[in-house]
Amino acid sequence: MFRYLLSRLLTFLPTFFGVTIISFAFIRMLPGDPIIVMAGERGVSEERYAELIQQFGFDQPIWRQYLDYLGGVVQGDLGQSFVTKKPVWDEFFALFPATLELSICAMIFAVALGLPAGVIAAVNRGKLFDRTLMSTALVGYSMPIFWWALLLIIVFSGMLGITPVSGRISLLYYFDNPSGFMLWDALVSDQKGAFWSALHHLILPTIVLGTIPLAVIARQTRSAMLEVLSEDYIRTARAKGLAPGRVNGVHALRNALIPVITVIGLSVGTLLAGAILTETIFSWPGIGKWMVDSIFRRDYPVVQGGLLLIAVMVMIVNLTVDVLYGLINPKIRKR
Amino acid sequence: MPLLDIRNLSVDFATASGQFRAVDGVDVNVDTGDILAIVGESGSGKSVSMLAMMGLLPWTATITADVMSFGGQDLRGLTPRQRRKIIGKDMAMIFQEPMSSLNPCFTAGFQIKEALRLHLGLDAKERHAKAIELFEMVGIPAPEDRLKAFPHQLSGGMNQRVMIAMAIACSPKLLIADEPTTALDVTIQAQILDLLTGLQRETGMALILITHDMGVVAETAERVQVQYAGQKVEEQPVGDLFETPHHPYTAALLAALPERATSRKLPTIPGVVPGQFDRPMGCLFSPRCQFADDRCRNTPPAPCGPELGLARCHYPLNAKAEATA
């Protein structure tokens, strides 16, 4: 197992360097000069411009700039934001818990609903529940996130007034936020109602962010279950006299989980991409919004560093998924 | 009263192109301690009739029977819950492909103990002891280790032994073995058959052996029932069947045995089992039968009397020999 992990980690190296190159190159391909953007409408004098070019190292050849950047990355230094002058690392970890909290909630929402829905649809293949669920999932998967978000806001916040429109917690509550996870910090802050307020604020963003993974997981679970249900060992399980709940929920589901775990892993990438839209719509102070703002400001170090950290997260999730395969299906563990 | 009594069992499948009759008026009779072999080509409805009795067919199947009783209990109209009390306990089944019949995600021990907990309500310790005892009974060496093994870590023969151990876990009154040796090496085949007949002798359970291998039939069975295209065409004690087959299909099957070949070229039965769309009007075997005439092609034959092996034929073979004997 340890050797396996080590070999997997080695394959991460090329991906890691690839991401540094791509993020470094792409942000520079965007038209727009960070110094001009920083100066704003006032403009900047020619001498000051030359001075700043030198200060940020833009006068160096591009390969030199990249090597300087890479040198920093290897030593764990992602540079500092052009705009706030704070280290990228610190900014990222100040904002990441908000994104993580939202993503975890969205994932729980998607898995908790999608998995059972897929199983029930597969067991009742071709019946009304199956057909309703599959067409609903198709709609959910095809729906633009921002449109869905606005629709939910109009109905639940505007017309019914039962959910807040934006933010993470009501302004009535104030407490230290050491972990960055609002739900947890509210719970230990011993202010009555703080936790409920935080939870309340999570409802709509969770639904919006979780809708696409929910649809994907439900469809994948259904098709994986359908395949497994026709296997010989399912007949064996039924021939033992096991109840349908146990045959479907234990014997079939365990085997069907492999492809489902795969799409759950892949959804994490989608989730981070979706977080950009969701966070922007709900003014959620997470990394999605932070990245979008940095792109508009041509804040090179933030964009590069942020992309790299997100890529590393996705790689870690993929590795976790691979390890999970082995735990679920011992046959895979052997290889 | 026989242990298992099935009369006029029919199974229809709803397919995209209409109804398909897989089993057509089959009778099965088994007494405690019997070994019955059901023989026939692929698609003759051998497995389907047994799966129908176990309630293991998909919902597209329609099952009808005049009588279907097991140990005095009517199997027709049982609720799924009532049926689950019987199958896996009093009536167990093992299948053709041992490698795919065990769940790859669970250990052999988990899968056998599951049945013990469900039907016998044993606690963890008793289950473990019983599982080891069962593994020893079916000749699995080092049972303690094998309990922890996953199916992919065991050989095909070993997996089939696990399947057998699982099937006999709750001391069933009837064991149905659906082509238990087809997927195995020849050397292992003999071992598994010996094991099955040995267990049958020891426990006194009834054994139904579904096979298309006449060699297997000769070695194991006491009584043989030949099925063709969903119908039972003949039934006889094993010795008499090999000696004096009454149905031309049985005779043709026996003639195709390599051991019985007299010419250099092995005789075969021309054609294939009729499918959904080319079902003959008269005798189902008539298009392939060398003795068939117009009567065979137009009028479906009724089964003859027991002295002619219940042969479903207008012109049963060896009729005279039987009469003079």
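Note: hydrogens, waters and symmetry copies are ignored here, and every other heavy atom, side chains too, is used. Quick note on labels: first sequence line is chain A, next is B, and so on, each numbered from 1.
- If you measure heavy-atom distances from L51(B) to chain A, the contacts under 4.5 Å come from the side chain alone.
- For a residue to count as touching a neighbouring chain, one of its non-hydrogen atoms must lie under 4.5 Å from one of that chain's; by this rule L57(B) touches chain A with the backbone only.
- In this structure, F95(B) and D232(A) have side chains that are not in contact, with every pair of non-hydrogen atoms separated by 4.5 Å or more.
- If you measure heavy-atom distances from V250(A) to chain B, the contacts under 4.5 Å come from both the backbone and the side chain.
- Surrounding CZ of F110(B) are more than 12 heavy atoms belonging to other residues, nucleotides or ligands, all under 6.0 Å away.
- Side-chain contact check for R84(B) versus L242(A): every heavy-atom pair is 4.5 Å or farther apart.
- A donor-acceptor contact shorter than 3.5 Å is absent between the side chain of N103(B) and the backbone of Y233(A).
- Between C105(B) and N255(A), the shortest heavy-atom contact is SG-OD1, 3.3 Å.
- Between H251(A) and E114(B) there is a side-chain heavy-atom pair separated by less than 4.5 Å.
- For L118(B), the part sitting under 4.5 Å from any heavy atom of chain A is the side chain, from C-beta outward, and nothing else.
- A donor-acceptor pair under 3.5 Å is absent between the side-chain atoms of H119(B) and the main chain of G241(A), judged by distance alone.
- In this structure, no portion of A237(A) lies under 4.5 Å from any heavy atom of chain B.
- To the nearest 0.5 Å, atom CZ of residue R238(A) and atom CZ of residue R83(B) are 10.5 Å apart.
- Around atom CD of E133(B), more than 12 heavy atoms belonging to other residues, nucleotides or ligands sit under 6.0 Å away.
- Checking side-chain atoms of K240(A) against main-chain N and O of M166(B) turns up no donor-acceptor pair under 3.5 Å.
- Neither the backbone nor the side chain of I234(A) comes within contact range of chain B; no heavy atom of the residue lies under 4.5 Å from a heavy atom of that chain.
- Crowding of R125(A) atom CZ: a count of heavy atoms from other residues, nucleotides or ligands under 6.0 Å not exceeding 12.
- From R235(A), atom CZ reaches atom CE of M54(B) across 10.0 Å, with rounding to the nearest 0.5 Å.
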